[in-house]
Amino acid sequence: MDLRDMTNYCDQGDLDRARDIYLNGKNAKFSLYSLADKYDHLDDDITFAFQMYGLTEGDVNNGLASNERLFASKYVEMLFNDDECILAVEASRALILWMHTVHRTWKIVQDCRKHGDPYYDNDYAGVANMLEKSDEMIAYWVGAIQGTDMAGLNGHSLFSDANKMAEEFSTETHTKNGAFVNWNIIYAYEELSGVLSSETACNANTNTIAALWPIAIQTVNQMMIPHFQHIVKAIVEEDAARIGIYARIIVPQVSQCRPSDYRFLKEHLLDFGKKQGKGTGSYDPSKKYDLLNTLKNTYSCFGILCEDVGFPSSNDSALACDYYDEDIIPTLARFPATSEVDEHSKIDLDIRQIQILTQFESAEVWAAAKYIYMHGKNSLIKDYYKDDDDVGLNTFRSLHSFANSGSRTRSTLFYKEFTEYFDEPNYADVKILEAFDNEGRYGNNGSTDQKETKLARSGLIRTALTSQVMYMMVLAKLNEAVEKCGNGAPNSPRGPDFAWDTAAAYIIGSLEGEGIGGSDHFFDGTLLWGLANERSIEFDRLNGDYYAKSNAEVETLLLSGKGQIISRNCVRLGDTAERIAHMLLVPIIQGLIKYAIGLQFETVADKWSDADMAIGETYANAIIPVFLKYDKTAAETVKRNMVQDSGVSFGELVPDGPQTVADAYLRVANDFGVGCQYIGKKLEVDACLKYVPSTATSTAARTNSSQLMMIGGGLICLISSLIL
């Protein structure tokens with residue numbers, strides 16, 4: 001109702017009275033200004049954290065981040081000062097009310113955690129009545145004027161705005177009874193209320209948060225859709241003023257997605273106007289189609305499809321969606337999958353977002369990062385119910401489930417060595433959870449103060465996720481493909497082809513795109529493929545197509561494996577899987593050497609809370625069990641130099657020097673069948689410095705290279721024919 005009255009005063013030319021309602025309120029408990037500027041109304045929820053990360057380009061713990069907390073109210077004030085009354089009202093809804101509604105959605109999860117924590121007095125903390133939390137969220141979305149008309153267009157709420165945009169973008173329900181967005185949000189509200197209505201909801205030792213989490217994620221994702229529609233419309237119509245409004249939400253939120261997409265959008269939607277001296281309400285029209293296509297690329301990061309956003313009525317085919325099919329068979333860095341593993345590949349977004357959130361010092365933001373680890377956020381499991389209007393919810397696969405997966409059987413290569421070395425079947429999960437909970441080797445003894453050990457714990461988490469959790473999950477899927485080889489149709493659902501493609505998805509990920517070698521921007525990827533590309537620059541291991549030589553070999557092996565599955569050459573498939581397992585260790589070994597170089601001459605006392613020591617040790621713990629399988633001396637060398645015993649406070653790091661760490665690989669190189677030339681040289685450390693040619697061969701080394709290099713002609717055509 002405040003937005004309605006502000007609009008009326010703007011129409012009457014009375015900016016001062018419109019501004020007074022904005023500042024002091026009229027009909028609601030809180031004014032719009034107070035929702036934007038009061039700390040207790042903008043706590044550290046996950047969406048606001050990504051907003052701060054995007055607005056500060058990742059520099060989240062300095063004074064700039066503190067200033068950006070007021071981004072919404074500052075923008076509205078600027079519009080009022082420029083006599084842009086109607087735009088100020090629109091920005092109040094799009095920036096302030098939207099952000100607060102999203103905050104109330106996440107707060108359901110936050111308050112549920114507090115409700116079950118004996119540290120909090122529930123009445124004092126305001127979390128005694130959890131059911132009212134979902135009512136507050138839907139009240140902010142729908143507003144007081146809307147009534148029960150699901151297709152109403154005359155209100156001033158976010159609900160009414162979503163209906164207006166759905167009409168323009170043809171994203172109404174099949175019965176033309178309002179926006180799909182609104183139906184999905186109402187459905188989510190009912191699901192939230194159902195969970196919270198239980199007598200034991202949010203009590204300690206219940207799974208309420210696990211039930212609430214995916215509903216909250218999908219609610220917020222739906223709330224993004226009208227904003228995407230607004231910015232697409234503004235770009236198409238070259239409406240610079242509204243680009244200025246909606247880019248203030250869209251661009252920072254895209255920072256949780258592919259980094260290169262975020263940087264492009266920021267440069268051309270937020271920064272372009274500043275460079276032109278026109279404020280943020282300006283953009284370069286020559287980039288129109290590039291901007292629209294980049295925006296399309298980001299939709300999947302928010303769990304939505306192009307058809308969910310739609311496109312404005314136009315004869316311009318460039319605005320249309322490229323597909324309407326949810327079951328996408330992806331091409332991963334030129335690898336042509338033949339199975340529906342698109343959602344599997346999006347597990348890299350979980351790692352990306354955990355990396356971002358663990359940059360913050362806030363305990364609430366760290367809790368959100370832990371929720372992503374525990375319950376997932378981006379990789380949908382598609383076995384879900386939808387009603388006749390395609391309204392429904394999904395669940396997610398999680399990195400925590402990977403770290404505890406029963407598919408990592410004793411027959412999986414290296415799993416036995418890892419579990420015996422750590423004396424723990426879920427070795428990575430234990431270390432990661434300790435880091436999230438500020439405990440363990442790099443913890444603050446359970447202190448809620450995140451600052452002192454934040455960098456070390458963040459480094460441990462992101463390194464363990466890639467080098468231990470995802471590496472072992474890849475091996476599990478390769479092993480599954482080998483075990484299923486020859487049983488049933490190769491490309492049958494959940495057959496060997498599906499397992500092989502899933503392994504490829506877990507190696508490459510969604511952030512790399514479809515091009516040869518993956519993304520041109522090596523900082524985009526978060527899985528082993530991206531790590532190899534990043535390390536290839538440091539170790540001078542780029543091939544002629546400007547991506548890692550080890551990745552080129554992995555790609556060849558993945559393609560060969562596809563052919564071996566089709567031809568049921570299962571013995572050869574096992575050899576190929578083992579060679580992939582060895583080749584994927586190249587960037588991990590390079591990481592080990594990199595941090596050995598950086599840590600030499602340092603002591604535990606100097607580096608115990610620093611990321612470098614935690615990362616170096618985590619890489620070492622990903623390598624030592626593998627080395628133990630082949631050569632105990634090599635494993636002991638790595639451990640002595642890179643892993644410090646518990647309780648040691650002043651020990652020297654890398655006492656034998658980084659070259660000795662690199663030399664350890666030569667003791668297992670023949671067993672790996674991966675030459676030291678794949679690792680390369682960084683600064684003064686050369687992996688091949690002490691290499692002596694040997695006639696010894698291993699199973700992996702004896703692999704017939706002519707069979708593995710079948711990537712031309714017949715094999716590519718055969719795989720392509722399965723896709724078409």
Side-chain angles (χ1 to χ4, degrees), residues 1-38 41-42 47 70-105 135-168 178-179 181-182 185-186 189 222-227 229-231 233-234 239 241-242 244-250 281:
M1 295 174 75
D2 280 8
L3 289 168
R4 177 201 61 190
D5 293 346
M6 290 168 64
T7 301
N8 290 339
Y9 283 128
C10 288
D11 290 340
Q12 297 168 21
D14 196 339
L15 182 145
D16 290 337
R17 295 184 73 177
R19 177 182 245 161
D20 181 69
I21 295 175
Y22 163 73
L23 292 171
N24 302 307
K26 180 182 178 185
N27 303 287
K29 181 178 179 180
F30 301 107
S31 70
L32 287 157
Y33 172 77
S34 72
L35 295 184
D37 279 31
K38 287 189 176 180
H41 288 154
L42 273 180
T47 299
L70 308 179
F71 78 98
S73 59
K74 287 183 176 180
Y75 200 81
V76 172
E77 283 291 340
M78 182 195 75
L79 292 171
F80 273 126
N81 291 337
D82 290 344
D83 293 329
E84 297 286 358
C85 191
I86 288 294
L87 289 175
V89 174
E90 186 169 349
S92 296
R93 180 183 62 232
L95 304 182
I96 298 174
L97 182 58
W98 184 89
M99 186 62 75
H100 186 70
T101 305
V102 168
H103 169 67
R104 300 309 299 186
T105 306
D135 293 340
E136 291 174 2
M137 177 274 288
I138 202 66
Y140 278 112
W141 182 262
V142 176
I145 300 174
Q146 187 66 38
T148 60
D149 184 4
M150 288 295 295
L153 301 171
N154 297 321
H156 297 268
S157 64
L158 294 163
F159 185 100
S160 180
D161 181 62
N163 277 342
K164 293 171 186 175
M165 298 312 297
E167 188 174 63
E168 290 195 46
V181 166
N182 286 332
I185 291 174
I186 293 294
Y189 159 70
Q222 289 295 306
M223 290 176 177
M224 288 290 297
I225 291 175
H227 276 36
Q229 292 170 329
H230 272 291
I231 199 164
K233 179 183 177 183
D239 185 345
R242 284 176 173 79
I245 293 174
Y246 293 98
R248 297 296 290 174
I249 291 290
I250 292 296

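Throughout, residue positions are numbered sequentially from 1 according to the sequence presented.
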Where is the tightest heavy-atom contact between [X] and [Y], given as atom of each residue plus distance?
X: A36; Y: L70; value: O-CD2, 4.4 Å
X: V76; Y: S92; value: CG1-OG, 3.6 Å
X: I249; Y: A94; value: CG1-O, 4.0 Å
X: I96; Y: A72; value: CG1-CB, 3.7 Å
X: H156; Y: R93; value: O-CD, 3.5 Å
X: T101; Y: Y140; value: OG1-CB, 3.4 Å

Nearest-0.5 Å distance that lies between atom [atom1] in [X] and atom [atom2] in [Y]:
X: I245; Y: H230; atom1: CD1; atom2: NE2; result: 9.0 Å
X: L95; Y: F71; atom1: CG; atom2: CZ; result: 6.0 Å
X: L158; Y: N163; atom1: CG; atom2: CG; result: 11.5 Å

With a 4.5 Å heavy-atom cut-off, do [X] and [Y] have their side chains touching?
X: W98; Y: W141; result: yes
X: M223; Y: I185; result: yes
X: L32; Y: M6; result: yes
X: N182; Y: Q222; result: no
X: E77; Y: R19; result: yes

Tell me, with the steps shown, if L97 and L3 meet side-chain contact (heavy atoms from CB on, under 4.5 Å). CA-CA 10 Å; L97 182 58; L3 289 168; 3.9 Å; yes
Run the side chain to side chain donor-acceptor pair (under 3.5 Å) check on R17 and N8 step by step: do they pass? CA-CA 10 Å; R17 295 184 73 177; N8 290 339; over 6 Å; no
Applying side-chain hydrogen bond (donor to acceptor under 3.5 Å, both in side chains), can you list everything that pairs with E90, at least two apart in sequence or on another chain?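 Expected list: R242, Y246.
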Could you check whether the rings of H103 and H100 sit parallel, tilted or perpendicular, using 30° and 60° as the cut-offs?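 If you compare the ring of H103 with that of H100, the planes turn out tilted.
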Show me, pair by pair, the donor-acceptor contacts under 3.5 angstrom made by side chains of residues 82-89, not counting sequence neighbours?
none

Between S160 and G155, is there a donor-acceptor pair closer than 3.5 Å when you use the side chain of the first and the backbone of the second?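 Checking the backbone N and O of G155 against the side chain of S160, a donor-acceptor pair under 3.5 Å is found.
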Would you confirm whether S73, through its side chain, and Y33, through its main-chain N or O, come within 3.5 Å as a donor-acceptor pair?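 Between the backbone of Y33 and the side chain of S73 there is no qualifying donor-acceptor contact (under 3.5 Å).
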Quick one: do D2 and Y22 satisfy side chain to side chain donor-acceptor pair (under 3.5 Å)? Show the steps, please. CA-CA 8 Å; D2 280 8; Y22 163 73; over 6 Å; no
Before you tell me yes or no, could you show the steps for V181 and M165 under side-chain contact (heavy atoms from CB on, under 4.5 Å), namely the whole-Å CA-CA distance, both residues' side-chain angles and the distance that decides it to 0.1 Å? CA-CA 10 Å; V181 166; M165 298 312 297; over 6 Å; no
Is it true that the side chains of Y189 and D135 contain a donor and an acceptor less than 3.5 Å apart?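 A pair is found: one side chain offers a donor N or O, the other an acceptor, under 3.5 Å apart.
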